[in-house]
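All of these numbers come straight from a predicted model, not from anything done at the bench.
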Amino acid sequence: MSTFLINKEKTPLNTKELRHFIPKDMCGSVVAALVNGKQLDLSYNPKENDSVEWIHVNSCEGEEIIRHDSAHLLAQALKDIWQDDISIAIGPTIENGFYYDLLAKNPISEDDLENIEKRMHEIVSANIPIVRHVWSRDKALDFFRKQNEEFKVQIIQDIPEGESLSVYQQGNFFDLCRGPHAPSTSFVGDGFKLLRIAGAYWRGDSNNVMLQRIYGTAWSSKKRLNEHLKIIEEAKTRDHRLLGERAQLFFTSGVSKGSVFWMPDGWKVWMRMEEYIREKLNQNSYHEIRTPLFFEKSLWEKSGHQEKFSDSMYFLEQHDHEPPSSLKPMNCPAHIELFKKYPKTYKDLPLRFAEFGCCSRYEPSGALFGIMRLRNFTQDDAHIFCTEDQVQQEAESFCSLLFEVYKHFGFTNIQVCLSTKPTNALGNHALWERAEESLRTALNNMGIPFTVNEGEGAFYGPKLEFILQDALKRKWQCGTLQLDYILPQRLNATYTDESDKKTHPVLMHRAILGSMERFLAILIEDTKGILPMWLAPWQVAILTITQHADSFAQECIELLEQNGIRVHQDLRNKQIGFKVRAAIDKRIPFIISIGKREAESKTVSLKILGEQKNITLSLQETLKLLLNACSNETI
RNA sequence: GCCGCCGUAGCUCAGUGGUAGAGCGCACCCUUGGUAAGGGUGAGGUCAGGAGUUCAAUCCUCCUCGGUGGCACCA
């Protein structure tokens with residue numbers, strides 16, 4: 001891509017628009033231009049010495065413009081088909097695509113997408129010019145009122161009076177838009193596809209009317225589109241719900257919505273995760289504890305949860321005349337109770353209580369998702385009680401531990417986010433400043449890049465979020481570190497400081513994995529179900545090809561098990577192909593087959609999951625290979 | 001919670017206004033097998049639940065429940 005300066009002397013007299021400056025061989029591929037660093041339409045009238053860079057359709061910026069064009073195309077198609085029965089709202093670009101929100105008299109269904117798409121292709125073929133108009137606010141208001149486009153009217157009404165705005169026209173379709181757009185509809189080509197239809201609130205507010213949102217994906221060519229569709233298809237095969245059932249790890253059921261049933265192999269994985277975290281807790285001076293599952297309402301009243309969180313809490317039906325209780329939605333009040341049990345002094349701090357705490361929250365039914373968003377889930381939770389001076393050091397230690405753990409699970413792409421003081425914050429401003437600063441400093445000292453979510457902190461303090469992505473690139477908060485200056489006060493937790501004064505400790509809520517269930521789900525999607533060797537329920541499968549090989553197989557199983565290898569044996573009287581398939585479904589990383597040949601020569605035939613060819617090894621070679629694989633913590 | 005879609009055998013799914021089918025799994029038998037399902041026989045279903053329309057509903061309508069794609073929510 002190259003920059004040039006406009007020189008009007010060198011161009012034909014009648015050229016007014018930027019597009020006349022496009023070199024002939026580029027005409028079909030330039031969709032817009034970067035003029036003095038600003039994206040503009042090709043209809044722009046350039047000034048002498050304007051610095052211009054062409055935006056090609058196959059560049060990132062060009063594809064972005066195509067996506068926006070596609071959104072308009074979609075809206076035009078909708079209006080063509082349903083006319084006044086549809087009013088359109090907004091149609092922005094998103095990663096890899098676009099959407100358009102609309103309100104239809106009769107709801108549009110997924111069956112309609114094919115038809116809409118067909119109309120879009122027709123509009124592309126018709127090569128309709130896309131024309132930019134600059135209108136006054138009043139003219140635009142008047143126009144869209146006459147068109148009965150209520151949502152557009154609302155958008156314009158939010159624009160300050162007296163300002164002008166741009167409207168794009170393609171045929172008889174007009175849309176309010178900042179631009180830029182390609183010069184005509186044919187530039188969109190055939191690299192787009194409508195994907196699905198969903199609900200979305202007008203302006204993202206659940207108090208507003210619910211619109212329908214049509215999602216699409218758009219690319220500079222059909223080839224790029226197909227590549228993208230293939231990636232989506234591949235990602236879908238990684239779905240933890242699918243793999244979890246196929247490998248018989250867990251399932252969910254309507255008899256306990258939002259809860260998990262763990263099957264024997266899945267529970268093996270769970271216990272190993274727990275054991276690993278427990279080991280890390282021990283190495284880092286945490287004390288593991290166990291607290292009750294439900295507490296009397298009075299505790300939640302004192303902690304403030306009753307007031308702020310009761311919509312999400314489960315209340316227990318009462319027997320006799322006992323005061324009402326609630327299942328715990330979080331562990332913090334319980335940990336504070338433990339802290340308060342015996343008097344504490346500054347010498348006890350920092351004090352770190354950890355618990356694999358099972359929490360229950362009434363999540364909206366539409367929020368439930370596989371085992372990533374549950375109503376019953378377990379946090380690898382801990383609360384650190386410390387002085388304000390210790391906060392930064394504790395934050396650094398926590399980050400260091402978190403990154404060590406994530407690396408061990410094979411995660412390197414970790415998004416870190418600092419959420420700062422919200423409008424409903426409690427506590428004085430100076431305290432917040434210091435708290436945010438200590439988290440910021442901790443991250444900087446650790447060399448951890450992060451983004452800031454202004455005003456997204458909890459009411460009691462700022463927080464760090466550690467975010468991972470699932471197979472479809474959806475983001476999930478996993479680890480978290482939250483500073484809390486309020487709860488120790490509310491529940492009156494104190495320690496005696498150096499000057500013999502009762503002081504409230506700072507409370508740090510922190511979780512590394514976040515939710516055990518969610519973290520494992522993401523791990524399954526990340527690894528396609530082939531869990532790291534140290535975590536896999538079975539490290540090797542031993543299958544017999546004929547029953548005559550049973551005794552040698554037993555010999556192999558014993559040897560491997562004696563060496564601490566987790567062996568899944570399948571000596572059933574079945575075809576070998578069938579048994580291999582079953583082992584693959586279980587995602588067992590090493591698959592050993594033993595038949596007559598192997599039994600006679602005292603060897604095994606080894607298949608490494610994902611590889612086509614088998615290798616033949618002696619028993620000792622096999623043992624060595626497996627022990628090596630098992631000891632490599634990151635495989 | 002809201003909008004769209006879906007719910008048929010253990011699983012994946014066909015199907016029709018006249019009370020049901022396939023493949024795989026399962027059980028049994030045969031085959032002693034050579035790497036993503038060898039052959040045969042058989043069991044297994046209130047077609048998610050309820051109500052309505054109809055001579056007749058798995059199919060059409062409504063409600064409920066569950067799942068799913070999003071939105072909102074995730075203190």
Side-chain angles (χ1 to χ4, degrees), chain A residues 99 101-104 107-113 195-215 236 239 241-242 245-246 251-258 303-313 329-330 332 361-370 372-375 377 422 424 456-461 463 465 472 474 476-477 480 482 484 486-487 509 514-515 518 541 543-550 572-585 591-598 605-607 609-614 616:
Chain A
Y99 66 76
D101 283 355
L102 61 105
L103 187 65
I108 293 182
S109 96
E110 236 141 74
D111 295 338
D112 296 319
L113 293 184
L195 294 178
R196 58 176 169 267
I197 193 152
Y201 295 105
W202 166 235
R203 294 194 157 160
D205 185 338
S206 56
N207 295 315
N208 290 342
V209 61
M210 173 149 289
L211 309 173
Q212 288 192 292
R213 174 172 297 176
I214 298 177
Y215 281 97
K236 281 182 185 165
D239 191 318
R241 296 165 294 192
L242 216 73
E245 285 216 35
R246 192 170 297 163
F251 62 93
T252 56
S253 152
V255 299
S256 181
K257 254 181 108 173
S303 71
H305 289 98
Q306 182 72 31
E307 183 201 343
K308 295 248 177 199
F309 205 68
S310 60
D311 283 354
S312 303
M313 285 161 68
M330 49 197 78
C332 29
R361 300 178 189 178
Y362 179 76
E363 299 282 359
S365 60
L368 301 177
F369 181 79
M372 292 202 193
R373 184 97 178 254
L374 295 164
R375 287 176 175 169
F377 63 100
N424 64 346
E456 292 293 312
F459 67 91
Y460 47 74
K463 62 177 174 181
E465 291 168 47
L472 284 167
R474 289 173 290 215
W476 296 93
Q477 184 196 302
T480 183
Q482 309 187 6
D484 188 347
I486 307 300
L487 205 55
H509 311 252
S515 140
R518 176 181 291 182
L543 323 176
T544 45
I545 295 167
T546 154
Q547 294 197 307
H548 300 306
D550 281 5
R572 287 180 297 174
N573 189 16
K574 297 260 186 187
Q575 292 279 115
I576 186 63
F578 173 85
K579 296 208 259 189
V580 167
R581 167 67 186 263
I584 290 170
D585 270 352
I591 299 170
I592 285 175
S593 302
I594 296 174
K596 202 175 157 198
R597 286 206 298 270
E598 288 77 13
S605 172
L606 177 74
K607 180 190 181 80
L609 193 57
E611 290 181 21
Q612 285 300 312
K613 274 202 162 182
N614 291 359
T616 302

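- Contact annotation: A/Tyr215 side-chain N/O to B/rC71 OP1/OP2 distance is under 4.0 Å.
- Rounded to whole Å, atom P of B/rG69 lies 16 Å from atom CE of A/Met210.
- Residue contacts for A/Ala458: at a heavy-atom cut-off of 4.0 Å it reaches the sugar-phosphate backbone alone, with no base atom in range.
- B/rA48 sits 8 Å from B/rA9 when the P atoms are compared, rounded to a whole Å.
- Nearest to the side-chain atoms of A/Ala200 among the listed nucleotides B/rG33, B/rG69, B/rC71 stands B/rC71.
- Within the 4.0 Å cut-off from OP1 or OP2 of B/rA37, not a single side-chain nitrogen or oxygen of A/Arg572 is found.
- Between the side chain of A/Arg241 and the backbone N or O of A/Phe369 there is no donor-acceptor pair closer than 3.5 Å.
- Within the 4.0 angstrom heavy-atom criterion, only backbone atoms of the sugar-phosphate kind lie near A/Ser206; the bases stay farther away.
- For A/Arg474, a side-chain nitrogen or oxygen approaches OP1 or OP2 of B/rG70 to under 4.0 Å.
- Distances from the side chain of A/Lys574 to the nucleotides B/rG33, B/rG70, B/rC26 place B/rC26 closest.
- Residue A/Leu211 contributes atom CG, which lies 18 Å from atom P of B/rG70 at whole-angstrom precision.
- Nucleotides B/rU8 and B/rU46 place their C1' atoms 12 Å apart, quoted to the nearest Å.
- Counting any heavy atom pair closer than 4.0 Å across all strands shown, A/Glu611 reaches no nucleic acid atom.
- No hydrogens or angles were tested; on distance alone, a donor-acceptor pair under 3.5 Å links the side chain of A/Asn573 to the base of B/rG33.
- Side-chain polar atoms of A/Ser593 and A/Lys579 form no donor-acceptor pair below 3.5 angstrom.
- Here, B/rU68 and B/rC24 have their P atoms 28 Å apart, quoted to the whole Å.
- A/Gly366 comes within 4.0 angstrom of a nucleotide base, judged by non-hydrogen atoms across all strands.
- A/Ile592 has its side chain out of reach of A/Ser605: every pair of non-hydrogen atoms, C-beta onward, lies at least 4.5 Å apart.
- Nearest nucleotide to the A/Ala367 side chain, out of B/rC3, B/rA72, B/rG33: B/rA72.
- Counting non-hydrogen atoms under 4.0 angstrom, A/Arg203 reaches nothing in the nucleic acid.
- For A/Arg196, taking side-chain heavy atoms from C-beta onward, the closest of the listed nucleotides B/rG4, B/rG69, B/rG25 is B/rG69.
- A/Ile594 contributes atom CD1, which lies 9.5 Å from atom CG of A/Asp550 (distance to the nearest 0.5 angstrom).
- Looking at A/Glu363 and A/Arg375, their side chains come closer than 4.5 Å, going by heavy atoms from C-beta outward.
- Rounding to the nearest 0.5 Å places CD1 of A/Ile214 at 4.5 Å from CD1 of A/Ile108.
- When each of B/rG70, B/rG34, B/rU35 is scored by its nearest atom to the side-chain atoms of A/Glu598, the top-ranked nucleotide is B/rG34.
- Using modelled atom types, no side-chain atom of A/Asp239 and backbone atom of A/Lys236 make a donor-acceptor pair closer than 3.5 Å.
- No contact: A/Gly304 has no heavy atom under 4.0 Å from any strand.
- Scanning atom types as modelled, no donor and acceptor separated by under 3.5 angstrom connect the side chain of A/Glu245 and the base of B/rG10.
- Spacing between B/rC59 and B/rG18 at atom P, rounded to whole Å, works out to 11 Å.
- As judged by a 4.0 angstrom heavy-atom cut-off over every strand, A/Pro107 is placed among residues touching the sugar-phosphate backbone only.
- Separating the C1' atom of B/rG44 from that of B/rG4 is a span of 35 Å, rounded to the nearest Å.
- Per the geometry, NE2 belonging to A/His548 stands 12 Å off C1' belonging to B/rU31, to the nearest Å.
- For the atom pair CE of A/Met313 and NE2 of A/His305, the computed distance is 7.5 Å after rounding to the nearest 0.5 Å.
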Trace of the side chain to side chain contact (heavy atoms under 4.5 Å, CB included) decision for A/Gln477 with A/Arg518: CA-CA 9 Å; A/Gln477 184 196 302; A/Arg518 176 181 291 182; 4.3 Å; yes
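- A gap of 16 Å separates the P atoms of B/rA43 and B/rA27, to the nearest Å.
- Taking atom P in both B/rG42 and B/rA22, the straight-line distance is 12 Å, to the nearest Å.
- For the OP1/OP2 pair of B/rG67 and a distance below 4.0 Å, the side-chain nitrogens and oxygens of A/Lys257 include at least one atom meeting the criterion.
- The CZ atom of A/Arg581 sits 17 Å away from the P atom of B/rG23 (whole-angstrom rounding).
- Separation of the C1' atoms belonging to B/rG52 and B/rA56 is 14 Å when rounded to the nearest angstrom.
- Taking 4.0 Å as the cut-off between side-chain N and carboxylate O, A/Asp205 and A/Arg203 do not count as a salt-bridged pair.
- The side chain of A/Ile576 lies closest to B/rG33 when the candidates are B/rG33, B/rC73, B/rA37.
- Considering only side-chain N and O atoms, A/Ser365 lies under 4.0 angstrom from the phosphate OP1 or OP2 of B/rG1.
- Within the 4.0 Å cut-off from OP1 or OP2 of B/rG38, not a single side-chain nitrogen or oxygen of A/Lys579 is found.
- At least one cation-pi condition fails for A/Arg196 and A/Tyr99: the charged atom is not both under 6.0 angstrom from the six-membered ring centre and inside a 45 degree cone around its axis.
- Put simply, A/Tyr362 has a side-chain N or O that comes within less than 4.0 Å of OP1 or OP2 on B/rG1.
- When heavy atoms are screened at a 4.0 angstrom cut-off, A/Arg373 is found touching base atoms of the nucleic acid.
- Counting distance only, with no hydrogens placed and no angle test, the side-chain atoms of A/Tyr201 and the base atoms of B/rG1 include a donor-acceptor pair under 3.5 Å.
- At a threshold of 4.0 angstrom between heavy atoms, the contacts of A/Lys463 are confined to the sugar-phosphate backbone, with no base atom among them.
- In this structure, the nucleotide among B/rG4, B/rC71, B/rU31 sitting nearest to the side chain of A/Arg213 is B/rC71.
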Strand RNA chain B in bracket notation, Watson-Crick/G-U under 3.5 Å with | for pairs to another chain: (((((((..((((....[..)))).(((((.......))))).....(((((..]....))))))))))))....
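- At the heavy-atom level, A/Ser605 lies under 4.0 Å from base atoms of the strands shown.
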